[in-house]
**Q** 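Quick one: structure below, then a few questions.
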Amino acid sequence: MRIDILTIFPEMFPGILDVGMLRIAQEKGLVDFRLHDFRDFAKGLHRNVDDRPFGGGPGMVLKPEPIYECLESFIPRDGPQPTMIALTPQGERYNQNMAQELAQQDWLVLLAGRYEGFDQRIIDGLRLREISIGDYVLTGGELPALVLVDSIVRLRPGVLGDADSATEESFSFGLLDHPHYTRPVEFRGMQVPEVLRSGDHARIARWRREQAEATTRRNRPDLLPPGEGGERRDD
Ligand code: ADE
């Protein structure tokens, strides 16, 4: 899988992309990251990538020219086209299903915005899919781009070993994950639940399911179907 990232702060990325699973995925040739500083395509003495908004108002808006020219520098006119995503607070809210869908693609382009946002002709003319990572505003799309990268790359075949399998984790069955324990059996007066040491696999599976449902009901009732605690949607 290839992932191109457009940003004016490429220095924000290596610390995340070059450690842990993402580093291993690169070393195994499972993912190829390419960073593009779109300021390189800005014209003029000051290489401005932003300008004041038409109609007035606070903040600056990212200009279309540097972003279009940056994309045209590496996307051939004919041939396979990437799935292109802009990270903005106005986008669809990101979730595990979207991560799974994007992990099926061979080529993604992520655009990290800054300032008040993108000139709308960047979104419309390039048919960008807008994605938000949550209902809060960050100073730019770089962290959201990294959130997408991390959640997508770990789902690619060969990235996680069996021990870290992505099939039994939060959101995989529409529920949050169950609690986990390791040794020691007793730590500062707190015990590992007896059922997990019983060796009775059916009982363990039932206990984990009940715990997952209880945690989901408590922390995320919106994930449950209506009638099972999911009728209350605060968002
Ligand atoms: N840029 C600024 N805030 C953002 C958010 N919540 N999600 C995606 N991109 C953003």
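Order of listing sets the numbers, starting from 1, for every ligand and every atom in it.
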**Q** Purely on distance, is any nitrogen or oxygen of Pro144 under 3.5 Å from one on ligand 1?
**A** no

**Q** Hey, are Glu210 and Arg206 close enough for a salt bridge, meaning a charged N less than 4.0 Å from a carboxylate O?
**A** no

**Q** Any chance NE2 of His180 has more than 12 other-residue heavy atoms, nucleotides or ligands included, within less than 6.0 Å?
**A** yes

**Q** To the nearest 0.5 angstrom, please state how far the OH atom of Tyr68 sits from the NZ atom of Lys63.
**A** 13.5 Å

**Q** Mind checking whether Phe74 and His36 have parallel, tilted or perpendicular rings, split at 30° and 60°?
**A** parallel

**Q** Once rounded to the nearest 0.5 Å, what's the spacing between atom CG of Leu128 and atom CG of Leu110?
**A** 10.5 Å

**Q** Would Ile131 count as a polar contact of ligand 1, with the cut-off being nitrogen or oxygen pairs under 3.5 Å?
**A** no

**Q** Provide, to 0.1 Å, the distance between atom 7 (N) of ligand 1 and the closest protein heavy atom, together with that atom's residue and name.
**A** Ile133 N, 3.0 Å

**Q** Taking distance alone, with no angle check, do Thr88 and ligand 1 share an N/O pair under 3.5 Å?
**A** yes

**Q** What atoms of ligand 1 come within less than 4.0 Å of a heavy atom belonging to Ser132?
**A** 6 (N), 7 (N), 8 (C)

**Q** For Gly140, take its heavy atoms, then give the atoms of ligand 1 lying under 4.0 Å from any of them.
**A** 1 (N), 2 (C)

**Q** Which residue holds the protein heavy atom closest to atom 3 (N) of ligand 1, what is that atom called, and what is the gap in Å?
**A** Leu138 N, 3.0 Å

**Q** Looking at CD1 of Ile5 and CG of Leu17, how far apart are the two atoms once the value is rounded to the nearest 0.5 Å?
**A** 5.5 Å

**Q** Polar contacts were defined as any N/O atom of the residue lying under 3.5 Å from an N/O atom of the ligand; does this apply to Val137 and ligand 1?
**A** no

**Q** Atom 5 (C) of ligand 1: which protein heavy atom is closest, and how many Å away?
**A** Tyr136 O, 3.8 Å

**Q** Check this for me, if you would: do Asp37 and Arg39 make a salt bridge, where the nitrogen-to-carboxylate-oxygen distance has to be below 4.0 angstrom?
**A** no

**Q** Where the closest heavy atom to atom 4 (C) of ligand 1 is concerned, which of Pro89, Ala86, Gly134 has it?
**A** Pro89

